[in-house]
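Positions are given from 1 along the sequence.
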Amino acid sequence: MENTLGLEIIEVVEQAAIASAKWMGKGEKNIADQVAVEAMRERMNKIYMRGRIVIGEGERDDAPMLYIGEEVGICTQPNAEALCNPDELIEIDIAVDPCEGTNLVAYGQPGSMAVLAISEKGGLFAAPDFYMKKLAAPPAAKGKVDINKSATENLKILAECLERSIEELVIVVMKRERHNDLIKEIREAGARVALISDGDVGAAISCGFAGTNIHALMGIGAAPEGVISAAAMRALGGHFQGQLIYDPAIVKTGLIGESREANIDRLTSMNINDPDKVYDAHELASGKTVLFAASGITSGNLMQGVRFFNGGARTQSLVISNQSKTARFVDTIHMFGEPKTLQLN
């Protein structure tokens, strides 16, 4: 899968990032997301594969493109019969977030990305559009920290695993009302808190790399993004756990269905019979082969954002594979026409 689709998925996230970056700082988060969706889908439909969106822009009635269940790939082209034999193409499941951090793009803030994860059919957890309690940590703490422990307990364990003092740890938490007690506990334990407004996929992945000065992600964010984060962390060998949150009273901000009871019914209809189950990275991204790709829209801890120059643009992307056990950073110059010079810095 990596040999067949590795370069292709990099180009998919690059095109989405470039399209969205053109709206950076213009205060139009919906347009920044829409153009990313369109660019991602257009490039995806040129790939010789049989793809199915398992995590996307929402249900079909709410999202005209990259909706859950949509088929993508070369066989969707009008002249598909002349282009492909479906029986010869690899079947894959795809989780996408064409513009992770729409507000970050709209207001010119750091950390937005175009991201996706792929695996063979059935290899990604089809998370409902709910929230998820998340815990991400470096590989050294894998299986030792636990989402069921208190933040204080996990900070002590994390400090021991990383051979640091708690005071040296930096924990990323989304700035939300629901996290006020969590933030207070982390600070009282002695660790430092880095608050983010959006975009916890990048924060989770940063835990898998040394040198990012991010040592854990804690708190509640969107469930679909949790699956994408899990795919990356599985390939990196990092720690990731997620637990679905279905009670609106816990979330406090955002939409999460009509009621706790209705949400439980919805989970049951999706064959999720234990709503309180804690999932690890291997359960959320269970496929034999898992690939993750991201391209920076605005600059963040891991990647530079899109940089435009006369006649082109420069992108920085990341592709992670559990197959080859690699994390590749890809620096690409895109030539839109006949550039006067190639921008190297």
Using modelled atom types and a 3.5 Å cut-off, is there a donor and acceptor pairing between side-chain atoms of [X] and backbone atoms of [Y]?
| X | Y | result |
| --- | --- | --- |
| Lys134 | Ala222 | yes |
| Arg176 | Ser197 | yes |
| Arg234 | Ala285 | yes |
| Ser206 | Ile214 | no |
| Ser321 | Gln323 | yes |
| Glu185 | Thr152 | yes |
| Thr298 | Gly305 | no |
| His215 | Val170 | yes |

### Task
Report the C-alpha separation of Asn45 and Thr76 in whole Å, then their side-chain angles, then the decisive distance to 0.1 Å, and conclude whether the side-chain hydrogen bond (donor to acceptor under 3.5 Å, both in side chains) test is met.
CA-CA 7 Å; Asn45 282 339; Thr76 64; 3.2 Å; yes
So how far is it from [X] [atom1] to [Y] [atom2], rounded to the nearest 0.5 Å?
| X | Y | atom1 | atom2 | value |
| --- | --- | --- | --- | --- |
| Met49 | Glu91 | CE | CD | 12.0 Å |
| Ile53 | Ile92 | CD1 | CD1 | 8.5 Å |
| Asn322 | Phe292 | CG | CZ | 13.5 Å |
| Ile183 | Ile171 | CD1 | CD1 | 12.0 Å |
| Met303 | Ser112 | CE | OG | 9.0 Å |
| Asp274 | Tyr279 | CG | OH | 7.0 Å |

### Query
Hey, are Glu160 and Lys144 close enough for a salt bridge, meaning a charged N less than 4.0 Å from a carboxylate O?
no
### Query
Can you list every side chain to side chain donor-acceptor pair (under 3.5 Å) pair that touches residues 281-291, not counting sequence neighbours?
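Pairs touching residues 281-291 that pass the test: Lys277-Glu283.
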Is the closest side-chain heavy-atom distance between [X] and [Y] below 4.5 Å?
| X | Y | answer |
| --- | --- | --- |
| Gln241 | His239 | yes |
| Ile68 | Asp129 | no |
| Val13 | Ile9 | no |
| Tyr107 | Asp198 | no |
| Gln34 | Asn30 | no |
| Ile94 | Met44 | yes |
| Leu302 | Met113 | no |
| Ile272 | Tyr246 | no |

### Message
Run the side-chain contact (heavy atoms from CB on, under 4.5 Å) test on Val306 and Met24 for me, step by step, so that the C-alpha distance in whole Å, both residues' side-chain angles and the decisive distance to 0.1 Å come before the verdict.
### Response
CA-CA 10 Å; Val306 179; Met24 190 276 290; over 6 Å; no
#### Entry: Trace of the side-chain contact (heavy atoms from CB on, under 4.5 Å) decision for Leu7 with Glu11
CA-CA 6 Å; Leu7 180 59; Glu11 292 183 358; 4.1 Å; yes
Greater than 12 external heavy atoms within 6.0 Å of [X]'s [atom1]:
| X | atom1 | answer |
| --- | --- | --- |
| Glu42 | CD | no |
| Asp276 | CG | yes |
| Glu168 | CD | yes |
| Lys26 | NZ | yes |

### Query
Is there a side-chain contact (heavy atoms from CB on, under 4.5 Å) between His334 and Phe336 once you walk through the steps?
CA-CA 6 Å; His334 306 260; Phe336 302 152; 3.9 Å; yes
### Query
With Tyr131, which residues qualify under ring pair (Phe, Tyr, Trp, His ring centres under 6.0 Å), at least two apart?
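For Tyr131, no residue satisfies ring pair (Phe, Tyr, Trp, His ring centres under 6.0 Å) once neighbours in sequence are set aside.
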In residues 96-106, what donor-acceptor pairs under 3.5 Å come from side-chain atoms, sequence neighbours left out?
| from | atom 1 | to | atom 2 | distance (Å) |
| --- | --- | --- | --- | --- |
| Glu100 | OE2 | Asp200 | N | 3.2 |
| Glu100 | OE2 | Val201 | N | 3.0 |

